[in-house]
Q: 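The following block contains the structure, expressed as C-alpha cells.
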2 protein chains.
Amino acid sequence: MQHLLSPKQVANAIGASESSLKRWCDQGLLTTVKTAGGHRRIPVQEALRFVREHNHAVVEPHILGMSATDDRKGRRIEGCAERLATALLTNNEQACQAIVFDLFLAGQPVSQIFDEVIAVAFRTIGEKWKCHEADIYEERCSCQIALRILHELRSKQTPPNSGLVALGATIEGDQYALPVTMSEIVLREVGWDARLLGSSIPFDSMANAIQQIEPRMLWLSISFISDESAFIAGFNRLFETASKTNTAVVVGGRALTTEIRARLHYSAFCDTMRHLEEFAKTLRRQAEIAPTKTRKPRKNA
Amino acid sequence: MQHLLSPKQVANAIGASESSLKRWCDQGLLTTVKTAGGHRRIPVQEALRFVREHNHAVVEPHILGMSATDDRKGRRIEGCAERLATALLTNNEQACQAIVFDLFLAGQPVSQIFDEVIAVAFRTIGEKWKCHEADIYEERCSCQIALRILHELRSKQTPPNSGLVALGATIEGDQYALPVTMSEIVLREVGWDARLLGSSIPFDSMANAIQQIEPRMLWLSISFISDESAFIAGFNRLFETASKTNTAVVVGGRALTTEIRARLHYSAFCDTMRHLEEFAKTLRRQAEIAPTKTRKPRKNA
DNA sequence: GTCGACTCGGGTAATTCGGGTC
DNA sequence: AATGTCCGAATTACCCGAGTCG
C-alpha cells in the first residue's frame with residue numbers, strides 16, 4: 001500500500017467525483033502535499049481523517065488500506081461487542097477486523113470503540129471462561145487477534161508531532177498488553193506523542209525512563225497486582241520521581257480497587273478510555289499554554 | 001557514510017517515480033553532480049532542500065536521514081543487524097521498519113531476516129543491558145517496535161489456505177512474544193495455516209487446543225523456564241497428548257539447554273528460524289502425500 | 001574481466017491540472 | 001450552494017535497449 005494517494009484514487013475510494021475532491025482540497029478540508037509539477041498528493045492518514053470527520057461513505061476501503069465491509073449495520077456500535085466476541089472465539093480474524101474498521105471509518109471515536117466494543121467483548125469472553133465455556137487458549141488467541149488489529153489501527157493514525165511525550169507501561173508481573181496498547185492509540189488520537197514502553201516494566205526502570213525522557217505524562221494500566229504492598233510502595237516512590245520532573249501520573253485498570261486507590265498518589269484515575277481521552281485533552285491544552293522548554297511552572301505565558 | 005544519493009533512492013524517499021525525478025533534475029529543480037559515466041548523483045542536503053521547498057511528504061525519512069544507506073548496502077543483509085539495533089535503541093521506528101522491509105522487498109527470506117538481523121539486533125541489545133549500557137525499558141520498548149513491525153510484515157503475507165494447521169505458543173511464565181511471533185510468520189511463509197495461541201499458555205490448555213483443533217503441528221518457543229522439573233513433566237505429558245492426534249511437536253528457544261533437551265520427547269528441535277522453515281517444508285510435503293482427512297496413518301496414497 | 005543491479009536517454013500512455021459550463 | 005462532466009495543456013508513470021557502477 002502506498003503512502004501518498006492521487007486525487008483520483010481518493011475519489012474512487014470514497015465514491016465521489018474527482019473534481020469534488022479537488023475542490024475540497026482547495027478549500028482546505030484535506031491538506032495535501034504537492035509534487036514539483038503541482039499535482040496534489042494526499043497522505044492516506046489524511047484521507048482517513050477526512051472520511052471519519054465528514055461521515056463519508058467508503059466504497060473501496062482497500063485503497064485506503066482497510067479491508068472493511070462498509071455495510072450499514074456495521075456503522076452502529078450496538079451489537080458489535082457480541083459480534084466481535086463470537087468472531088474472536090471462532091478465530092475469524094477478518095470478521096473482527098471488519099467490525100472494528102467499519103466503526104473506525106464511520107467516525108466512531110476510538111475511545112468509544114475500545115470501551116463499548118473491544119472491552120465488552122473481552123469481558124464476555126472472560127465470563128465464558130469462568131463458566132468453563134471457553135478455554136484459556138481461546139482467550140489468549142483472541143488477545144493476539146485483537147493486538148494485531150490494534151497495531152493495524154495504530155498504523156493508520158497520523159504520526160504525532162506535538163512534542164508532548166507520554167510514556168505508557170504495565171507494572172512488573174502484569175502481562176495484559178491490550179489495555180495499555182489501547183491507551184496508546186487513544187493518546188495519539190488526541191495529539192500526544194505516546195510511547196509505549198511495554199509490559200511488565202519494573203518501577204525502577206520506569207523511574208529511569210522518566211528521568212531520561214522527561215515526559216509530560218506517564219500512564220499505567222494496572223490489570224494485575226502480584227504483591228499489593230510492594231506495588232503500593234513502588235508506585236508511590238515512582239510518583240515522587242515523576243513529581244520532580246513535573247510528569248503527570250495517570251492510572252487505570254481493573255486491578256485498582258477503591259481500597260488500593262486510597263493508598264496511592266496519582267494525578268488522575270481513569271476508569272475508561274473515554275475518561276483517559278478527556279483527561280489527556282485537558283492536560284494537553286494546559287501544557288500548550290504553559291511553557292514547554294523549562295518545565296518550571298510560570299504564572300503566565 | 002556517503003552523502004551522494006542516486007535518483008532511485010531519492011525517488012523512493014519522496015514517493016515519486018524515478019523518471020519524474022530525472023526530469024526535475026534536468027529542469028534544474030535539483031542540482032546534481034555527475035559521475036564520469038554521466039550518472040546523476042544528488043547530495044543529501046540538496047534533496048532535503050528540495051523536499052522542504054516543495055512541501056513534499058517524506059515517505060522514507062531514513063534514506064535522507066543520518067544513515068544515508070545506499071541501496072546495495074540496504075538490500076544486503078550484512079550490517080543490517082547493527083543498524084537495526086541502534087535504530088531500535090534510539091526509538092526510530094520508521095528506520096527500523098525501513099531496514100526490515102527493504103530486505104523483505106529485496107526478496108530475502110523472512111527466516112534469514114529473523115535469524116541474521118532481528119535476532120542479532122536483540123542479542124546486541126541484551127548484551128548492552130548486561131553491561132548497563134541499556135535499561136530494561138529500552139529493551140522492552142524495542143520489543144514493542146519489533147512486534148509492530150512483525151505484525152505489519154504478517155499482514156503483507158498471503159493468507160494461508162492449505163488447511164495444514166499449526167498451533168504455536170509459549171509456555172506458562174514465558175513472556176517473550178517475539179520469537180514465537182517470528183515462527184508464526186515463517187510457518188505461514190511456507191504454506192502452513194499457523195495459528196498463534198499466544199504467550200504463557202498452560203500445558204493443560206495447550207492439550208485442550210490440540211484435542212479441539214487437531215493441528216498437524218504444535219510449535220513451542222521456550223525462552224524462559226521458571227520450574228524446570230515441572231516444565232519437563234508438563235511437556236512430556238503434552239507430547240503424549242499430541243502423539244494421539246498425530247501432531248508433530250516442534251520446539252526451539254534459548255532456554256532449551258542440551259541437558260534439558262535430553263529429558264524431553266519431541267518431533268524436532270530447531271535452533272533457528274531457518275531450521276524451522278526447512279522442517280516445516282519437509283513436514284508439509286509429507287503431510288500432503290499422506291491423507292489429510294482421516295489422519296490415520298496409511299501406508300501409501 | 002565478469003556479473004548483476006542500476007541508470008541513462010527517450011518515447012508513449014495515462015493521469016492531473018485549472019477552468020468553464022451544466 | 002454544491003456536485004458531476006468536459007476540455008486542452010501540462011505533468012507523471014511506465015517501458016525499453018544501451019551504457020555504467022561497484
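Scope of the values below: all heavy atoms of this structure, side chains included, with no hydrogens, waters or symmetry mates. All values derive from a computational prediction rather than experimental measurement. Numbers restart at 1 for each chain; the letters A, B, ... are given by sequence-line order, proteins then strands.
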Q: Taking the nucleotide of DNA chain C with the closest heavy atom to each, which residue, B/Asp26 or A/Asp26, is nearer the 5' end?
A: B/Asp26
Q: Check whether B/Glu138 reaches the backbone of B/Asp135 with its side chain - one donor and one acceptor, N or O, closer than 3.5 Å.
A: yes
Q: Rounded to whole Å, please give me the gap between CD1 in B/Ile14 and C1' in D/dT11.
A: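 The answer, rounded to whole Å, is 14 Å.
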Q: Is it the case that the side chains of B/Gln157 and B/Glu189 hold a donor-acceptor pair, with the cut-off being a distance below 3.5 Å and no angle test?
A: yes
Q: Should the side chain of B/Ser19 and the base of D/dC14 be counted as holding a donor-acceptor pair, with the cut-off at 3.5 Å?
A: yes
Q: CG of A/Leu29 versus P of D/dA1: gap in Å, rounded?
A: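 After rounding, the reported distance stands at 16 Å.
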Q: Could you state the CD-P distance from B/Gln27 to D/dA10, rounded to the nearest angstrom?
A: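 Value for this atom pair: 13 Å.
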Q: Checking contacts here: which listed nucleotide (D/dC21, C/dT7, D/dT11) is nearest the side-chain heavy atoms of B/Thr35?
A: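 The nucleotide sitting nearest to the side chain is D/dC21.
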Q: So, A/Gln45 versus A/Thr158: side-chain donor-acceptor pair below 3.5 Å or not?
A: no
Q: Given atom NZ of B/Lys22 and atom C1' of D/dC14, what is their separation to the nearest angstrom?
A: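 Spelled out: NZ on B/Lys22 to C1' on D/dC14 is 11 Å.
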Q: Whole angstrom is fine here: how far is it from NZ in A/Lys34 over to P in C/dC17?
A: 7 Å
Q: Would B/Arg274 pass as a cation-pi partner of B/Phe279, given that its NZ or CZ must be under 6.0 Å from the six-membered ring centre and within 45 degrees of the axis?
A: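 Verdict for B/Phe279: no cation-pi partner in B/Arg274.
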Q: Whole angstrom is fine here: how far is it from CG in A/Leu4 over to P in D/dA13?
A: 10 Å
Q: Among the nucleotides D/dT3, C/dT16, C/dG9, which one has an atom lying closest to any side-chain atom of B/Arg40?
A: C/dG9
Q: Do B/Gln9 and B/Ser6 pair up side chain to side chain, a donor and an acceptor below 3.5 Å, judged on atom types alone?
A: yes
Q: Report yes if a side-chain nitrogen or oxygen of B/Trp24 is closer than 4.0 Å to either non-bridging phosphate oxygen (OP1 or OP2) of D/dT11; otherwise report no.
A: no
Q: State whether A/Ser6 places a side-chain N or O below 4.0 Å from either non-bridging phosphate oxygen (OP1 or OP2) of C/dT16.
A: yes
Q: Take atom NE2 of A/His39 and atom P of D/dT11, then tell me their distance rounded to the nearest Å.
A: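 Rounded to whole Å, this separation is 7 Å.
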Q: Distance check: side-chain N/O of B/Ser20 vs OP1/OP2 of D/dT12, anything under 4.0 Å?
A: no
Q: Please work out if B/Arg23 contacts a base, only the sugar-phosphate, or nothing of the nucleic acid, heavy-atom cut-off 4.0 Å.
A: base
Q: Can you check the A/Glu18 CD to D/dC7 P distance for me, whole Å?
A: 15 Å
